[in-house]
Every structure is written in C-alpha cells, then in structure tokens.
Enquirer: 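Before we start, here is the structure in question, set down as structure tokens.
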Amino acid sequence: MLSQASRPYIAASVPVLREHGVAITTVFYRNMFNEHPELKNLFNMGNQAQGTQQQSLAAAVFAYAANIDNPSVLRPVISRIVHKHVSLGIKPEQYSIVGAHLLGAIKEVLGDAATPELIDAWAEAYWLLADVLIAEEKALYEKANVAAGELREMQVIRVSQESELVKSFTLIPADGNPLLDFEPGQYISVAVDFPDGRRQLRQYSLSEAPGLPYYRISVKREPGGEERPLGQVSNWLHENIRVKDKLLVSAPFGDFNPDIVSDTPLVLLSAGVGITPMISVLNHLSQTQPQRQVIFAHATHSASRHSHVADIEAAKAAMPNLQTITFYEDQPLTDAANRNVRGGRMQIEQLPAWNREQTKVYLCGPVAFMRKQWQELLAAGVPEHLLHREVFGPDLLDKVA
Ligand SMILES: Cc1cc2nc3c(=O)[nH]c(=O)nc-3n(C[C@H](O)[C@H](O)[C@H](O)COP(=O)(O)OP(=O)(O)OC[C@H]3O[C@@H](n4cnc5c(N)ncnc54)[C@H](O)[C@@H]3O)c2cc1C
Ligand code: HEM
C-alpha cells in the first residue's frame, strides 16, 4: 500500500507525468545506456529507435500512478510485463539500476518542480511496483525451473519457407535433454550475437503444437523501407541460419493462452505473421479435440504471403467443425471458385456466425488490425471480457494508460 504521505504527490504528478512522460523515459534510457552499455544487449534497440519502448514504459508508469487504488486494472498489464521480463532474463538486482535512472530522469526533466517529497513518493511507488514484478518473475522462473537469464542451446533440424516472407525453423535441444513444455500461444526469446559484439533478443511464438520433441518458430523477414532499416534479427535469421546451426533460446513464457481445455466454440482471428500462435492452437486441437467448433479467420496480403497453408489444410481434414476464411488484401475480388477466400481486409460481418455473448475471441496481428477488429467486435456485440489479444511488440497499454 502506498503511504498516506506519498498519495497527494503521486496524485498531483499524474498530469505532469502524462505531459513529460516520453521526455522522462527518453532521458532515462539515454542515461542508463550511457552508464550501463551492457543493457543495450537486453533491450530491443529496434523498439528504442522507433520510440515504442519509451512510450510503453511511460504508459506503464502513468497507468500505475493513475490506478494506484485500483490494482485489478493493472493485472493484465503486470502479467504481460512479467512474462516478457522473464523471457528476457531480467534479474532482481537490475531493478535498482532502472529505479535509480528513472527517478534521476524525473528529477532532470522536472527540474525545480521535482521536490524531494515528490521524488520520495515516486521512489516508494516505483518499489511497490518493482517488488510485485520481482516476486512474480521469481515465481515464473521457479515454475519453469530456470535461472534468470538462462538460455538453452538448440540445434536447427529443419528450415522451411512458409511463404514469401516467412521461414519456419525447427529446433531440438542441443544437449539431447527433454524440452520444456509450453501452452499454445506462448513464445520463446531468441538471442542473436552479431559479429560486432552486440546481442539482441526477440520473441517468437511457438508455431507447432506442444508435446512434440521439437519447437518450431516461424519468422517473418521484416523488410526495410524508405525510412525503415531492415529488421535486424529476423533478416539475420533468414540469411544466416541453416540446418545444423545452433541458436540460444529462453524457456517458453507468455500469457496469451487461448482456451484449449473447455469444449466451447473458439474464434481465432489473425493477420500476417500473427497467425503463428493460432497455428499452435489449431495443431494442438486437431490432436486433442478434433470435434471442437473453431472459426479460423486470417488476413494477409496475397496467396504468396499466406503462411502455414499446409497446417490449415491438415487441420481441416482432421476437424469436421473447423470453419476457415481467408482475406487477401491485395486481391480486390472474392474468389468465385473458393468461397473461403475473400478479397480485401477482414470484415467481422463476413465471418461465419457465432454466439457473440458466449464465445471467446482471440486476436493476433499488427496493432492497426487489432484496433480495427477490437472495435468491430465490440460493435458487433462481443463483450470485452471475451476478447483476448497478443501484440507482437511493446503493448501500448491503450486501455489503461
Ligand atoms: C510476444 C511476441 C511474439 C512474437 N511472435 C512472432 C512470430 O511468431 N513471428 C515473427 O516473425 N515475429 C514475432 N514477433 C516479433 C519479433 O519479436 C520481432 O519484433 C520481429 O521479428 C522484428 O524484429 P527484427 O529484429 O527483425 O526487427 P527490428 O530491428 O527490431 O525492427 C523492427 C521494426 O522497426 C523498424 N525500425 C528499426 N529501426 C528504425 C528506425 N530507426 N526508424 C524507423 N523504423 C525502424 C524496422 O524497419 C522494423 O520494421 C513477436 C513479438 C512478440 C513480442
Ligand atoms: C517497475 C519497473 C519496471 C516496469 C514498470 C517495466 C515496464 C515494462 C513494460 C511496460 C514493458 C513492455 C512490455 C510489453 O508490452 O512488451 C517492459 C519491457 C521490458 N523491460 Fe521492463 N519494466 C520495469 C523494470 C525493468 C528492469 C529492471 C529491466 C532490466 C534492465 C527491464 C527490462 C525490460 C526489457 C529489456 C523489456 C523489453 C524491451 C523491448 O522489447 O524493447 N524492465 N518493461
């Protein structure tokens, strides 16, 4: 509980933090990386360059301040952060470094307005939140039976081109010991050590069913553009990783856990490479619950960008109650010969009907896709508590910030 003495300072600083939040976190990262350059290996420097991570941390700080008396609002946010943190191997002692630099940045940006009382109040609030994260992260490391930061060497046994931009990599433990189990929807972090000494970690959803003697990840090569450099890790994996090569990966973590247990219908909506966790669900259900009613809708640019077609066809053969529909954005007209392929973007009203009030809906894809579908699903009468999403980047916390 935040002390009575600190409460007014926190309450008063919410609008100030909102105004200066991005400046504070920008200064925070700059100073922290100057003093601890080794932490650049831990943070996603692609997100840093785009500013998304700065926004995310700022949003988490606001959300915490704004909801200090209403911790249940933060539950999903905290869950997402701790899973991400453990997949990256965050250690308790690193909270002191982050805390010192965050408070230092508040002081630097707010100047005279950052009175000792205000800084003390924020130190108290920071450590309340940090202690929650540290405790939950400890529990997750213990459950997975791994030390913080422990990575495992995996050998690549198969590389396959799923579609124009996506390659799948199939991995087995290099030491021959059994794999850690996972739930469909979870991801691993993959560490890449570049020739110049930099390390970068990225998360990749496991795209096969659990219970197999291997993991599979499916990686979209992030193409560059006029103002966008090539994605570092995805391109490196595509260009360098061959069968027999080794990769360092984390244990599986992640709190996007589609319901694979009950026998109620399920709606899985994905776009682009957001299909990967959905394929894990589908492949799992085709073995464990082939009678389950599932709507599997996917949006992508074109047939040449459509990944995991073989998985979907195999699931269709095994699951009589599976309904699939695909939207090709670059193909304006609906395929007359195949009613399951539509032109244009995914439209909720074009999906097969389902019981809006009772069916869980899972979404994964680019942020713009998820915002649009989320709104359309709410407008179509789906209650928010039945909606679940996975974001392939820092979640911008738009619902709580
Ligand atoms: C939980 C989770 C699961 C995921 N699962 C998958 C998966 O199954 N498959 C998959 O392919 N991906 C997945 N991702 C995304 C993946 O982790 C990486 O983010 C993705 O591969 C891009 O990484 P990268 O290193 O190639 O690109 P980065 O180098 O990180 O760049 C990312 C983007 O930022 C742009 N960028 C970089 N620097 C700048 C700059 N200075 N200015 C403007 N733009 C810039 C790049 O052009 C690129 O488009 C997942 C992410 C999360 C969080
Ligand atoms: C109270 C303290 C902290 C808060 C509130 C916090 C908050 C967050 C948030 C909101 C995210 C984004 C999660 C997502 O949606 O993907 C994140 C990611 C991350 N955090 Fe923390 N964090 C804290 C402490 C730490 C510490 C101590 C470290 C270790 C140095 C750390 C390292 C990271 C890294 C490396 C990422 C991923 C960054 C990326 O992908 O760009 N965090 N954190």
Side-chain angles (χ1 to χ4, degrees), residues 25 29 32 36 38-64 74 76-85 87-102 125-134 137 148-149 162 165-169 185-190 192 200-207 216-238 253-256 270 272-280 307 364 390-397 401:
T25 43
Y29 280 117
M32 185 170 77
H36 293 275
E38 75 283 0
L39 291 181
K40 287 187 182 174
N41 285 346
L42 201 53
F43 282 85
N44 179 331
M45 298 315 279
N47 290 345
Q48 288 287 322
Q50 291 188 92
T52 42
Q53 180 57 27
Q54 283 92 323
Q55 287 171 35
S56 195
L57 204 139
V61 175
F62 295 153
Y64 187 63
L74 289 176
V77 180
I78 286 178
S79 170
R80 164 134 185 135
I81 297 173
V82 297
H83 279 273
K84 187 81 162 284
H85 278 174
S87 90
L88 293 160
I90 304 303
K91 301 183 170 114
E93 56 270 27
Q94 290 168 332
Y95 280 85
S96 306
I97 301 173
V98 166
H101 283 283
L102 193 59
Y126 173 83
W127 278 105
L128 279 175
L129 178 56
D131 285 341
V132 171
L133 300 182
I134 290 169
E137 286 160 19
E162 290 290 350
L165 294 178
V166 176
K167 270 186 183 178
S168 281
F169 300 90
Q186 291 195 302
Y187 55 83
I188 53 176
S189 283
V190 174
V192 166
Q200 284 284 276
L201 292 138
R202 296 290 184 271
Q203 292 69 49
Y204 293 103
S205 301
L206 293 159
S207 64
R216 182 180 69 179
I217 55 170
S218 304
V219 179
K220 178 188 166 209
R221 192 170 62 74
E222 285 299 334
E226 257 177 35
E227 286 172 13
R228 289 157 61 94
L230 288 174
Q232 292 183 52
V233 171
S234 59
N235 282 284
W236 190 91
L237 292 171
H238 272 246
F253 291 107
D255 66 343
F256 179 67
S270 59
V273 79
I275 197 170
T276 49
M278 307 307 190
I279 291 293
S280 177
S307 304
C364 185
E390 177 67 297
V391 184
F392 278 5
D395 195 335
L396 295 181
L397 313 172

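First listed ligand is number 1; within each ligand, the first listed atom is number 1. Computed from a predicted structure; not experimentally measured. Heavy atoms only: backbone and side chains are in, while hydrogens, waters and symmetry mates are out.
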Enquirer: Quick one: which ligand 2 atoms are inside 4.0 Å of a heavy atom on Asn44?
Expert: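 Every atom of ligand 2 under 4.0 Å from some heavy atom of Asn44: 39 (C), 40 (O), 41 (O).
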Enquirer: How long is the span from the NZ atom in Lys220 to the CZ atom in Phe392, to the nearest 0.5 Å?
Expert: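 Lys220 NZ to Phe392 CZ: 10.5 Å, rounded to 0.5 Å.
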Enquirer: What atoms of ligand 2 come closer than 4.0 angstrom to any heavy atom of Val98?
Expert: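 Result: 26 (C), 27 (C), 28 (C), 30 (C).
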Enquirer: Using a 4.0 Å heavy-atom cut-off, which part of Glu390 comes near ligand 1: side chain, backbone, both, or neither?
Expert: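 The part of Glu390 near ligand 1 is the side chain, not the backbone.
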Enquirer: Tell me which part of Thr276 gets within contact of ligand 1: side chain, backbone, both or neither, using heavy atoms under 4.0 Å.
Expert: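 Only the side chain of Thr276 comes within reach of ligand 1.
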Enquirer: Which atoms of ligand 1 sit under 4.0 Å from any heavy atom of Glu227?
Expert: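 Answer, ordered by atom number: 42 (N), 43 (C).
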Enquirer: Could you tell me the separation between the CG atom of Leu129 and the CD1 atom of Ile134, rounded to the nearest 0.5 Å?
Expert: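 CD1 of Ile134 is found 9.5 Å from CG of Leu129.
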Enquirer: To the nearest 0.5 Å, what is the distance between NE2 (His101) and OG1 (Thr25)?
Expert: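 Answer for the NE2-OG1 pair, His101 versus Thr25, is 14.5 Å.
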Enquirer: Show me the donor-acceptor pairs within less than 3.5 Å that the side chains of residues 221-229 make with the rest of the protein, sequence neighbours left out.
Expert:
none

Enquirer: Does the ring centre of Tyr29 sit less than 6.0 Å away from the ring centre of Phe43?
Expert: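 Yes, close enough.
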Enquirer: Find all atoms of ligand 2 within a distance of less than 4.0 Å from any non-hydrogen atom belonging to Leu88, and give their numbers and elements.
Expert: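 Under 4.0 Å from Leu88, ligand 2 has these atoms: 34 (C), 35 (C), 36 (C), 37 (C).
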Enquirer: Check each atom of ligand 1 against the heavy atoms of Glu222 and keep those under 4.0 Å away; list them by number with element.
Expert: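 Listed by number with element, the hits are 22 (C), 49 (O).
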Enquirer: Any heavy atom of Val391 sitting closer than 4.0 Å to ligand 1?
Expert: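 Heavy atoms of Val391 do come under 4.0 Å of ligand 1.
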Enquirer: Identify which of Lys84, Arg202, Lys167, His83 has a heavy atom lying nearest to atom 23 (O) of ligand 1.
Expert: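 It is Arg202 that holds the nearest heavy atom.
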Enquirer: For ligand 2, note which part of His85 has a heavy atom under 4.0 Å away: side chain, backbone, both or neither.
Expert: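 Within the 4.0 Å criterion, His85 contacts ligand 2 through side-chain atoms alone.
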Enquirer: Answer side chain, backbone, both or neither: which part of Phe392 comes under 4.0 Å from ligand 1, heavy atoms only.
Expert: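 Contact part for Phe392 vs ligand 1: both backbone and side chain.
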Enquirer: Could you establish whether Ser218 and ligand 1 come within less than 4.0 Å of each other, counting only heavy atoms on the residue side?
Expert: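 It does; at least one heavy atom falls under 4.0 Å.
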Enquirer: Which atoms of ligand 1 sit under 4.0 Å from any heavy atom of Asn44?
Expert: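 Every atom of ligand 1 under 4.0 Å from some heavy atom of Asn44: 30 (O).
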Enquirer: Side chain, backbone, both or neither: which part of Gln94 has a heavy atom under 4.0 Å from ligand 2?
Expert: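 It is both parts that get close, each with some atom under 4.0 Å.
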Enquirer: What's the separation between atom NE2 in His85 and atom CG in Leu42, rounded to the nearest 0.5 Å?
Expert: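 These two atoms lie 8.5 Å from each other.
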Enquirer: Below 4.0 angstrom from a heavy atom of Leu133, which ligand 2 atoms are there? Numbered from 1 as shown, please.
Expert: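 Answer for ligand 2: 1 (C), 2 (C), 3 (C), 4 (C).
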Enquirer: Geometry only, no angles: is Lys220 polar-contacting ligand 1 at N/O separations under 3.5 Å?
Expert: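 Among all N and O atoms of Lys220, at least one is under 3.5 Å from an N or O of ligand 1.
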Enquirer: Please identify which atoms of ligand 1 are closer than 4.0 Å to at least one heavy atom of Val273.
Expert: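 Ligand 1 atoms under the 4.0 Å threshold to Val273: 9 (N), 10 (C), 11 (O).
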Enquirer: Tell me the closest heavy-atom pair linking Phe169 and Leu237, and the distance in Å.
Expert: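 Taking Phe169 first and Leu237 second, the nearest heavy atoms are CZ-O, 3.7 Å.
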Enquirer: What's the spacing between Tyr187 OH and Arg202 CZ if we round to 0.5 Å?
Expert: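 It is 14.0 Å, given to the nearest 0.5 Å.
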Enquirer: Mark up the atoms of ligand 1 that fall under 4.0 Å of a heavy atom belonging to Val233, in ascending order.
Expert: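 Checking each atom against Val233, I get 24 (P), 25 (O), 26 (O).
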Enquirer: Taking the minimum heavy-atom distance to atom 47 (O) of ligand 1, which of Pro277, Gly272, Pro229 ranks first?
Expert: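 The nearest heavy atom belongs to Pro229.
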Enquirer: Quick check on contacts: which atoms of ligand 2 are under 4.0 angstrom from a heavy atom of Arg80?
Expert: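 So the atoms of ligand 2 that pass are 14 (C), 15 (O), 16 (O).
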Enquirer: Can you sort out which atoms of ligand 1 are near Val219, meaning under 4.0 Å from one of its heavy atoms?
Expert: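 That gives atoms 11 (O) of ligand 1.
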Enquirer: Just going by heavy-atom distances, which of Ile90, Leu201, Leu129, Leu42 is nearest to atom 5 (C) of ligand 2?
Expert: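 It is Leu129 that holds the nearest heavy atom.
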Enquirer: Considering only heavy atoms of Tyr187, which atoms of ligand 1 have at least one such atom less than 4.0 Å away?
Expert: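 Close to Tyr187: 1 (C).
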Enquirer: Using a plain distance cutoff, I'd like to know if Ser205 has any nitrogen or oxygen under 3.5 Å from a nitrogen or oxygen of ligand 1.
Expert: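 N/O-N/O distance below 3.5 Å exists for this pair.
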Enquirer: Within the structure, does Arg80 bring an N/O atom to less than 3.5 angstrom of an N/O atom in ligand 1?
Expert: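 N/O-N/O distance under 3.5 Å: no.
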